[in-house]
Amino acid sequence: MAIVETKLLTKKYNNFTALKDLNLIIEQGDIFGFIGPNGAGKTTTIRILSTLLAPTAGVAYVDGIDVSKHPYEIKKILGYMPDSFGVYDGMRLREYLDFFGAAYKIPRAKRSAIIDDVLTLTDLTSKADDFVSAFSRGMKQRCCLAKTLLHDPKVLLLDEPASGLDPRARIEMRELLKTLREMGKTILISSHILSELGDMCNKIGIIEHGTLLAAGNYKEILHSLRQDLEVLLEVVEGGDAAAEILASTPGITGVERSGNEFRMDAKLDRVQLADLNTRLVQAGVKVLSFTQDEGDLEDVFLHVTKGGL
Amino acid sequence: MGSILPSLIIVKRELLTSLRRTRTLLFVVALLLAAGSVVLLSWPSGNVPSTYVAGVSKQMLFSVSITLFLGCILFVPGIAAYTIVSEREQDTLDALYLTLVRPSGVVSAKVMNTVGIYLLLIVGTFPVFATVMFGVGLDWSELAAILGLLIGTAACCAMIGVLCSCLFRRTFIALVVAYASTIGLLCGPWYFLLILRVILTGQIFYLFNYVGRSIGRADWSTVFSPLHMLLGIQSQSLSAWQLPATLLIQAVFCLVCFFMSVRFLRRPAQPRAVSGEKTIEDPAVLHARRTRFPYYLVDPLRRKPMIEDGKNPMRVREVRWGLFNRGTVLIRIFYSVFTVCLFASLFLSIGSGRSVQIPIMTWLTIENVLIMLVICGLTANSFAKEYELGNMDMLRMTLLRPTSIVAGKISGSFTSLVPIALALAIGSLPMAIIQWSSAWVLIPGFITLTVCAALTTSASILTSLIARRTNAALMGGVALSAYLLLGNFAIIGVGYIILRDTWPLPRVKEEAFFYLSPLLSFPAAFADRNPHAVAWGVTQTIFLAIAGLLVAATITFLKYRRMRDP
Ligand SMILES: Nc1ncnc2c1ncn2[C@@H]1O[C@H](COP(=O)(O)OP(=O)(O)O)[C@@H](O)[C@H]1O
Ligand SMILES: [Mg+2]
């Protein structure tokens, strides 16, 4: 079931079209990576979904509710973490969460336990009595996420949660998102770095100039986007037989051999690749590994998005 | 001098960017239109004797230069105070440090830029000067004196602003201090004298007569007050030494400010200290602290209770973490206001031999003006701060309705006023006791105070929401509140006096104009032997309704505002 859905969503700032006929579908339980270069329209989409911005045309639904028509209902089920946000001066973390908890109409009796929960989840328990404005960037991100989780939203919209974080904080953020996924939340994460999202999303959408270039299963997308797929083959025995088979297979070009390792460009789909593997094995080649080269995600990204704003 | 030359680059950059902004352009166009309409309105119709034309032309020159002067006081300190502190807040000041431009270059660039914008405004009013020239032929020395005085004053205001901008780390504080010191230093001595005279001789009605009468005097105190000098030029009642003295004082003042600014600009920026104190859990320690001076009412280190159900969280936040959070500020404010108020009221009621009614009214009116300034300072950044901190989106994403957000902000700022109001009320008691028979005047006085406070609060909260930037919010808030409190009276009343002979509407008694102002309707109504309570009541009711409309406008605005990305 689609929990987030947009139909022909368009947003114009004066004459500039930031979003053009965007059709986005996110299923319940998805971790959706929303990827695009700066200025692609990610923040604009997320802000429309979170009722902060009115679309010029088109509709957006979250959990079947029209975003423009029932903003109040949407706020109850949605958690939004903006890409840039501030914190209140002179408030301690627990007080800060208490304020937002009260603003989300969480009864006082329950609030304390909920605050403890989100503090544990975001690993901030030891900072509960510190001033929020003294936090480091990574801690502020977690604090904002804690605030976002207070009312136990079904859908989380996180706008570039990992930007500006050092590697350690990035890993912590990633762990946190995994935990949230296990809790069954639907999450939309935006980023301008593909590899940052790769291993935690099951779906991705690539957006540029306000248009969705591709969306769907992470692996499939990568594959369909790769024009020249690099395949690595390592064999233990029968290297020469393998070389022959490779040479006779249409779609395989540029084979480089060094000892028992082969590297080649393959214009094949997944099924054809699997067939190739079978033929190799049937010809008595002892295959040690037969893999796609996953390394160059950024190349794919650069290739798909033409660049320029 | 060498250090000032490279700064011309910055002047050029800044002046160009500010000119490119539509806001500045609109401002100049608005000014041109206003100046043009003054010319048109006061243009004598039909056959009139030439002496009359001369009178009108002079009158016009007078009102335009006064307007320019007030414009200078209202806008120049704000623009100047914003310059450096904003670069510091946006972290672009370091980049400027790294270039070869010296601190003195930075400071002079900022000052010249601000004064440059102001000069542009003066240029915008040239139609008026031209008309005056047609009308009577212009006395060049008079024009030069007026322009010199205006530019000197603008330079002083700009220097005060830049000095505050160098001194403080927060835009808001820089702005408030800049305005306070501008008013204090430029108008202070003369106003103080004026107010004292009005109080001691009795009646606020004749304020304008006092202005007129005090112009003639070659008082030493007047050379400190550019406004007074401006009036003096107008009435040609200055001694030869006075204007040069004023210009000299202004030049010295500017130089002193300049060197101080350069000094403070050099000071390395320190990150703002965040107090890392933990809350105190031990009841014994808390109890011990409670007996010490500022902590007996609020202790910032006491753990705050969780926000109760059914209370407006926004209001609780504003009160607990707003002014009250600065721990003991409010208590100190209470005592200082109380002390000042007590002495002033004692002085007033003993000093004036006659009925205490007049001093009570005068005092309440002064109080009123002061409270208005405080309110503008307190509330102008209520929303602007949320925007600047980047909290606005998060606030809008909560389940708080716009009504409760606005209500929370308003009641929060009213609550912060309670100590001040309390101090004023208690401080006024001796006055009431000394002259018991006139004490009832305090009741309509405090009602007026409340209405004016409501008006100012709602006006500055609305501008805060619209403006998004603290400096714009503060300037807008002060301007809108000043207009609501005094503007109609000033515009229509002064227009009536200027156009006395060509007034298009039915003639009225001049006293009636006081009822266009909620602030002045109080002394106007109750100074008489038989008070005009009904007229006063009508005025207060109308302005209370206007305050309500402003609040409604704020809520609507918050509801429907679609926000741009920063
Ligand atoms: N308030 C605005 N006014 C005009 N243009 C805007 C505004 N907000 C965003 N844009 C433009 O819309 C485009 C998309 O912006 P955004 O959604 O913030 O991109 P992203 O988050 O993907 O970096 C950008 O080119 C940006 O310049
Ligand atoms: Mg963005």
Side-chain angles (χ1 to χ4, degrees), chain A residues 13-14 18 43-44 47-48 50-55 71-76 78-92 94-112 115 128-135 144 147-148 150-151 153 157 159, chain B residues 170 172 271-281 300-301 303-318 320-327 329 381 385-402 404-405 408 559-566:
Chain A
Y13 295 109
N14 301 322
T43 303
T44 306
R47 285 170 62 88
I48 291 176
S50 47
T51 74
L52 292 171
L53 204 64
Y72 195 77
E73 303 308 313
I74 295 288
K75 288 175 188 175
K76 286 185 191 162
L78 202 76
Y80 164 55
M81 177 162 141
D83 52 351
S84 65
F85 53 88
V87 288
Y88 284 108
D89 273 352
M91 274 181 122
R92 297 171 197 273
R94 185 177 286 280
E95 297 166 348
Y96 177 84
L97 293 177
D98 184 42
F99 167 65
F100 277 105
Y104 273 114
K105 312 255 153 103
I106 301 170
R108 182 177 159 158
K110 288 193 199 157
R111 218 182 297 144
S112 189
I115 290 175
D129 270 337
D130 288 6
F131 286 101
V132 180
S133 46
F135 282 3
C144 186
K147 182 227 84 187
T148 311
L150 279 173
H151 62 299
L157 306 178
D159 200 355
Chain B
R170 300 287 288 271
F172 182 65
R272 204 149 40 81
V274 182
S275 100
E277 289 168 285
K278 293 266 175 206
T279 46
I280 300 175
E281 309 289 346
L301 293 189
R303 180 180 289 281
K304 296 184 176 68
M306 295 185 75
I307 298 170
E308 291 80 2
D309 292 336
K311 278 201 176 168
N312 180 351
M314 196 68 231
R315 180 180 179 282
V316 177
R317 207 211 81 81
E318 289 303 299
R320 269 191 213 157
W321 288 278
L323 205 52
F324 281 98
N325 197 39
R326 312 269 144 71
V329 173
N381 70 352
K385 195 178 60 196
E386 302 273 1
Y387 284 120
E388 280 174 357
L389 287 175
N391 284 332
M392 205 57 198
D393 279 355
M394 303 203 300
L395 215 51
R396 280 162 40 107
M397 278 307 293
T398 64
L399 299 181
L400 288 177
R401 307 242 180 213
S404 21
I405 295 181
K559 221 182 260 175
Y560 293 107
R561 172 120 208 194
R562 296 302 179 183
M563 297 200 309
R564 299 172 313 191
D565 271 354

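Just so it is clear, the values below take in all heavy atoms, side chains as well, and ignore hydrogens, waters and symmetry mates. Being a predicted model, the structure only gives us computed values, none of them experimental. Residue numbering restarts at 1 for every chain, and letters A, B, ... go by the order of the sequence lines.
Taken from NE2 in His151(A) to OG1 in Thr398(B), the straight-line distance is 9.5 Å, to the nearest 0.5 Å.
Asp309(B) contributes no side-chain N or O that, together with a main-chain N or O of Pro107(A), makes up a donor-acceptor pair within less than 3.5 Å. Between the Tyr104(A) side chain and the Met397(B) main chain, a donor and an acceptor come within less than 3.5 Å of each other. Side-chain N or O atoms of Lys105(A) include none that pairs as donor or acceptor with a backbone N or O of Leu400(B) at under 3.5 Å. Not one N or O on the side chain of Arg108(A) forms a donor-acceptor pair closer than 3.5 Å with the backbone of Ile307(B).
Proximity to chain B (any heavy atom under 4.5 Å) is restricted, for Lys147(A), to the side chain, taken from C-beta onward. Both the backbone and the side chain of Arg111(A) come within contact range of chain B, with heavy atoms under 4.5 Å apart. Looking at Ile74(A), there are no atoms closer than 4.5 Å to chain B (heavy atoms on both sides), in backbone or side chain. Of the two parts of Phe135(A), neither the backbone nor the side chain holds a non-hydrogen atom closer than 4.5 Å to a non-hydrogen atom of chain B.
For Met306(B) against Ser112(A), the heavy-atom pair with the smallest separation is CE-N, 3.8 Å.
The side-chain tip of Arg396(B) does not point at the ring of Tyr80(A) from less than 6.0 angstrom away and within 45° of straight on.
At a threshold of 4.5 Å between non-hydrogen side-chain atoms, the residues Phe99(A) and Leu395(B) count as touching. Two residues are said to be in side-chain contact when any heavy atoms from C-beta on lie closer than 4.5 Å; Arg47(A) and Asp393(B) meet this criterion.
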Using the side chain to side chain contact (heavy atoms under 4.5 Å, CB included) rule, take Met91(A) and Arg317(B) through it: C-alpha gap first, then chi angles, then the decisive distance, then the call.
CA-CA 9 Å; Met91(A) 274 181 122; Arg317(B) 207 211 81 81; 3.4 Å; yes
For the pair Tyr88(A) and Glu386(B), evaluate side chain to side chain contact (heavy atoms under 4.5 Å, CB included) and give the outcome as yes or no after the intermediate values.
CA-CA 9 Å; Tyr88(A) 284 108; Glu386(B) 302 273 1; 2.7 Å; yes
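Applying the salt bridge (Lys or Arg N to Asp or Glu O under 4.0 Å) rule to Lys311(B) yields the partners Glu308(B); only residues at least two apart in sequence or on another chain are considered.
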